[in-house]
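Throughout, a chain's letter reflects where its sequence line sits, starting with A, and its residues are numbered from 1. Keep in mind that this is a model prediction, so the values were computed, not measured.
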Amino acid sequence: MDNSATRNDPLSPPVAYDPTAIERKWQRIWQQRGTNHTDLQRAQRPFYALMMFPYPSAEGLHVGNLFAFTGNDIYGRFQRLMGHNVFEPLGYDAFGIHSENYALKVGVHPMELIPRNIENFQRQLESAGLMVDWRYRLATTDPSYYKWTQWLFLKLFDQGLAYRKKAAVNWCPSCKTVLANEQVVSGGFCERCGTEVEQRLLEQWFFRISDYAPRLLDNLDHIDWSETTKTAQRNWIGRSEGAELKFETRKVSGEACEIRVFTTRPDTIYGATYMVLAPEHPLVEPLTTAKEKKKVDAYRERTTKQDLVARKTSTDKTGAFTGSYAINPATGKEIPIWISDYVLMEYGTGAIMAVPGHDQRDFDFAKEFDLPIVRVVRGERDDANTPLDEAFAEGENGTLVNSGMFDGYDVDAAKKAIVEYLAKAGSAKPVVNYRLHDWCISRQRYWGPPIPIIYCEDCGTVPVPEKDLPVLLPFIEDFKPDDSGVSPLARHEEWYRVACPKCGKTGRRETDVSDNFLDNSWYFLRYPSVGNDEVPFEKSVTKKWLPVTSYIGGNEHAVLHLLYSRFLTMVLHDAGHLDFEEPFTRFRAHGHIIREGAKMSKTQGNIVNPDEYIEKWGADAFRTYLMFLGPYEQGGDFRDASISGSRRFLDRLFASVQSMTADGEPDHEVMRKLHQTIRKVSEDIPRLSYNTAIAAMMEYINVVRRGERTPHRDEVLPLITLVAPFAPHIAEELWEQNGGKGSIFDSAWPTFDPALAADDMIELVVQVNGKVRSRVTVPRDIEEKEALVAALEDSAVAKFVTGAPKKVIFVPGRLINVVV
RNA sequence: GCGGAAGUGGCGGAAUUGGUAGACGCGCUGGACUUAGGAUCCAGUGGAGCAAUCCGUGGGGGUUCGAGUCCCCCCUUUCGCACCA
């Protein structure tokens, strides 16, 4: 469709911008010519532009997906125009509870439903005009993919990083499966369905991510990530420095033993007036005296039954006395040992020394059970004699009192001195503790990769040999989970009965599947090697393309996907499979879009369906609008009424190209503005400041068309390239109309001439006493003396200046401020 | 409670290092062209005032020739985490 003939014919009506036809045309051409294909082998300047892949829900592509992908696509297209070989793959995160729950709801088997959803997604994504090389598309549900997910599990198992243990785990009674800590949100609700989570004691598979806590934390200082994401990871890893102290117990019943506690405040040990163990602490049993047994057992019974939410939201203190006492190693005094659910088994050692004078929780507990409260730190203006009505907790810059030989020490010095002193007796050592727990990866569900383990009566836990991978997920009709604590696969003996790979005796497969977050914690390694069934990631192509150059995604994955990916990359690095240990060199978190000031939700019926908008406005206008509605890293407010602005911009661009002339010379001032625009857009795209880049281009087109002038070719053509990352179809069309060869994306990004972009004459702001009084037009490089003369000549300024100025402040090129 | 982000016209949002507050877009007002236009184009658009001018970036102080921007104290919204010793 060559418009050049009609364009020059004054009798035919102007050709209008028809996005539907143009977009269809170019999507077809891209496919035919392989425009979006990247030659992974021969690429000279590899640039891996990764976006977080979607799970293919039945509802179809969400506008949030498109917002995320478009932002990445613009960055990728820009980098290609800058001369990089950009690889922009996309795939489907199709395993997991979300997909499975939906399948259950609509009564369609996921093996049927998922391919259907993927097909729909594929259609939607292709209509959005993304520069994706679909030859490297993957789906985590594909056996050729999850074979390697299982391989990954085996690697961790080999290294002793995957282990099985009976533990109190988070159980979602609605999803009927365990959840990782990261999937329990708002203090005790299932991330997926919002149901209150229960605690259950079950045998589960874990990955030792906590071993990597120090490295996961330290490396954050060296990677180029959004600060918000790094902060979230730092908080989640939760490093705290302190000491582990040992308390001997007095023999009450049975043998004496010692209780280890973790504290960040060893300086307050003289104020430790009692101890508390978590109800499930193993020492509770031996320490409980016959007299107290009934009460203790009742309390333990109560706390295990209690759901997490009640336990975590209430700050009321409950507990029971064990009947035993421990010796405070500093004071030598006997202190009672209690149990309470405010002490968590999962953190530290599951036991604390309680210092009610300086910890609010201990204070509340002491008040409840009438335990002694001793002040051992005083503040600067504080005599430490007045009784406390709350714990004196912010005592970090306090001084020790009632602490024997340490009286008068400041808190920091005391922390060190007391640990050193107690260490001599072997009852203290400095310790660093992390909040990060091991990652529970087994799920009692159907829709995931089976964990490749076989249990044998003689050989025990046996990994499935690599050559037998993948362990295929069988098709079963009754995939609905139940409350039994085991996967639906456990109902299928024909599947789980297998020969032990070691001895050949009949064994039993592990029937749990792995967490969905394991599927997606390594997919970026797979893309460049898609199609290779011999290895998970081929060596040379991995070396060339990884780590990922640029990753853009949602911050909701800050402590899930993004942390797990880093962990697994480190593990693979340590095992010699990768030569880097951080997967994503650069990560930027994008914002989220709301609609008309409200959250988008199905129940509110305000979901934006991309199909309708693309059909009505065109993908280019839709993309441009999504990027224009707010700063990309902050998200923004989607308003239907505003899309017309983006469409008008493209209309005007299209019209300008149709009406432009090659005759004569371009206007000097317009060309100056053009170079300023090139500079602005070139600076804004790398900062992901897409909204201001678009604003600059809009401003420019207004200048080009001002007063219905006929624009010159030289004024307009470079703008087509500037627009190309945002609106690729119209850019290709206009490029072709003007004799461009091949794809515009194989051409070069325009450069700007700094000399031309600089204005000769500027508007110098004139202030009197800091208030703007006037503006004078002066040469850009005017000196202070001349500027002052020009300023004082201005009548609006002269009015305010009587006599000689006291002081003059001159900012070259900007303003002059006369102080009188 | 802890941690993060943010409070700017009617609305979405601009504003390198402190230096013209409100770019750009939506909406609105007026006009042009039109049989008509929800199309297109032009002009205007923070508030008050005829005007000179004054007031304006959540509130209150401060630093400075000059503060949306820096400092102190509050208030609000929002998102994470949450009895982490």
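- Looking at A:Phe67, A:Phe628, A:Tyr625 one by one, the single match for ring pair (Phe, Tyr, Trp, His ring centres under 6.0 Å) with A:Phe638 turns out to be A:Tyr625.
- Near RNA chain B, meaning a heavy atom under 4.0 Å away, there are no residues from residues 672-684 of chain A.
- In this structure, of B:G25, B:G3, B:C83, it is B:G25 that holds the atom nearest to the side chain of A:Met698.
- Under the 6.0 Å distance and 45° angle rule, A:Arg588 does not count as a cation-pi partner of A:Trp225.
- B:G9 and B:A15 have their C1' atoms separated by 15 Å, given to the nearest Å.
- For A:Asp637, whose side chain is taken as the heavy atoms from C-beta onward, the closest listed nucleotide among B:G12, B:C81, B:C26 is B:G12.
- Rounded to the nearest Å, the gap between the P atom of B:C28 and that of B:G37 is 15 Å.
- Considering only the side chain of A:Lys771, B:C55 comes nearest among B:C83, B:C55, B:C24.
- Side-chain N/O atoms of A:Lys807 include none lying less than 4.0 angstrom from OP1 or OP2 on B:U64.
- Within the 4.0 Å cut-off from OP1 or OP2 of B:G25, at least one side-chain nitrogen or oxygen of A:Asn702 is found.
- You'll find that the side chain of A:Arg639 is closest to B:C11, out of B:C11, B:G4, B:C79.
- Distance noted for atom P between B:G7 and B:U45: 26 Å (whole Å).
- Taking atom CZ of A:Arg239 as the reference point, atom C1' of B:C81 lies 20 Å away to the nearest angstrom.
- With respect to the salt-bridge test (charged N to carboxylate O, under 4.0 angstrom), the residues A:Arg647 and A:Asp620 do not qualify.
- Listed in residue order, the members of residues 810-820 of chain A having a heavy atom less than 4.0 Å from RNA chain B are A:Val811, A:Arg814, A:Leu815, A:Asn817, A:Val819.
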Applying side chain to side chain donor-acceptor pair (under 3.5 Å) to A:His590 and A:Gln634, what does each step give before you reach the verdict? CA-CA 6 Å; A:His590 61 70; A:Gln634 281 167 45; over 6 Å; no

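- Atom CD of A:Glu346 is separated from atom C1' of B:A82 by 13 Å (rounded to the nearest Å).
- Comparing A:Ile352 and A:Arg652, the nucleotide of RNA chain B nearest to each residue sits closer to the 5' end for A:Arg652.
- A donor-acceptor contact under 3.5 angstrom links the side chains of A:Asn555 and A:Thr229, judged on distance only.
- Under the 6.0 Å distance and 45° angle rule, A:Lys317 counts as a cation-pi partner of A:Tyr342.
- Ion pairing between a basic and an acidic side chain is recognised when a charged N comes within 4.0 Å of a carboxylate O; A:Arg260 and A:Glu258 show no such pairing.
- Contacts of A:Gln767 with the nucleic acid, taken as non-hydrogen atoms under 4.0 Å apart, include base atoms.
- Between B:G46 and B:G10, the distance separating the two C1' atoms is 10 Å to the nearest Å.
- Rounded to a whole angstrom, the distance from the C1' atom of B:U34 to that of B:C42 is 16 Å.
- A salt bridge links A:Asp221 with A:Arg234: the distance from a Lys NZ or Arg NE/NH1/NH2 to an Asp or Glu carboxylate oxygen falls below 4.0 Å.
- Listed nucleotides: B:G19, B:C83, B:C26. Nearest to the side chain of A:Ile809: B:G19.
- If you check B:C65, B:A82, B:C26 against the side chain of A:Arg435, the one that comes closest is B:A82.
- A centroid separation of less than 6.0 Å is found between the aromatic rings of A:Phe365 and A:Trp338.
- A:Asn702 and A:Arg652 share a side-chain donor-acceptor pair at under 3.5 Å.
- When the C1' atom of B:A85 is taken as reference, atom CD of A:Gln360 falls 13 Å away, rounded to whole Å.
- Rounding to whole angstrom units, CG of residue A:Asp362 and P of B:G1 are separated by 19 Å.
- In terms of polar N and O atoms assigned as donor or acceptor, the side chain of A:Lys806 never comes within less than 3.5 Å of the base of B:C65 in a complementary pairing.
- Out of B:C26, B:C81, B:C54, the shortest distance to the side chain of A:Arg773 is found at B:C54.
- In this structure, of B:G3, B:U40, B:A85, it is B:U40 that holds the atom nearest to the side chain of A:Arg648.
- Within 4.0 Å (heavy atoms only), A:Ala641 reaches sugar-phosphate atoms of the nucleic acid but no base atom.
- Taking a cutoff of 4.0 Å between a charged side-chain nitrogen and a carboxylate oxygen, A:Arg687 and A:Asp684 qualify as a salt bridge.
- Within 4.0 Å of A:Asn691, counting heavy atoms only, lie sugar-phosphate atoms of the nucleic acid but no base atom.
- Computed from coordinates, the A:His592 NE2 to B:U78 P distance equals 17 Å when rounded to whole Å.
- Nucleotides B:G12 and B:G58, compared at atom P, are 14 Å apart to the nearest Å.
- Per the geometry, CG belonging to A:Leu629 stands 8 Å off P belonging to B:G13, to the nearest Å.
- As rounded to whole Å, 17 Å separates atom P of B:A39 from atom CG of A:Leu650.
- Annotation for A:Val419 and A:Ala428: closest pair O-CB, 3.9 Å, computed over non-hydrogen atoms.
- Taking atom C1' on both B:G47 and B:U40, the two are 33 Å apart, rounded to the nearest angstrom.
- Of the candidates B:U40, B:A85, B:C83, the closest approach to any side-chain atom of A:Thr264 belongs to B:A85.
- If you take CZ of A:Arg647 and C1' of B:A39, they are 12 Å apart, rounded to a whole angstrom.
- With hydrogens and angles ignored, the 3.5 Å screen pairs a side-chain donor or acceptor of A:Arg780 with a backbone N or O of A:Asp759.
- Sequence order on RNA chain B of the closest nucleotides to A:Phe628 and A:Tyr347 puts A:Phe628 first from the 5' end.
- With a cut-off of 3.5 Å on both pairing distances, the Watson-Crick and G-U wobble pairs of RNA chain B assemble into stems of 3 or more at B:1-7 with B:75-81, B:10-12 with B:24-26, B:27-32 with B:40-45, B:46-48 with B:53-55, B:58-62 with B:70-74.
- On the P atoms, B:U77 is 24 Å away from B:C83, given to the nearest whole Å.
- For A:Phe262, the side-chain atoms get nearest to B:A85 when compared with the rest of B:G27, B:A85, B:C24.
- Between the side chain of A:Arg375 and the backbone N or O of A:Val377 there is at least one donor-acceptor pair closer than 3.5 Å.
- An anti base is found at B:G10: its glycosidic angle is more than 90° from 0.
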After noting the C-alpha distance and the side-chain angles of A:Thr273 and A:Ile373, does the key distance pass the side-chain contact (heavy atoms from CB on, under 4.5 Å) rule? CA-CA 7 Å; A:Thr273 53; A:Ile373 298 172; over 6 Å; no

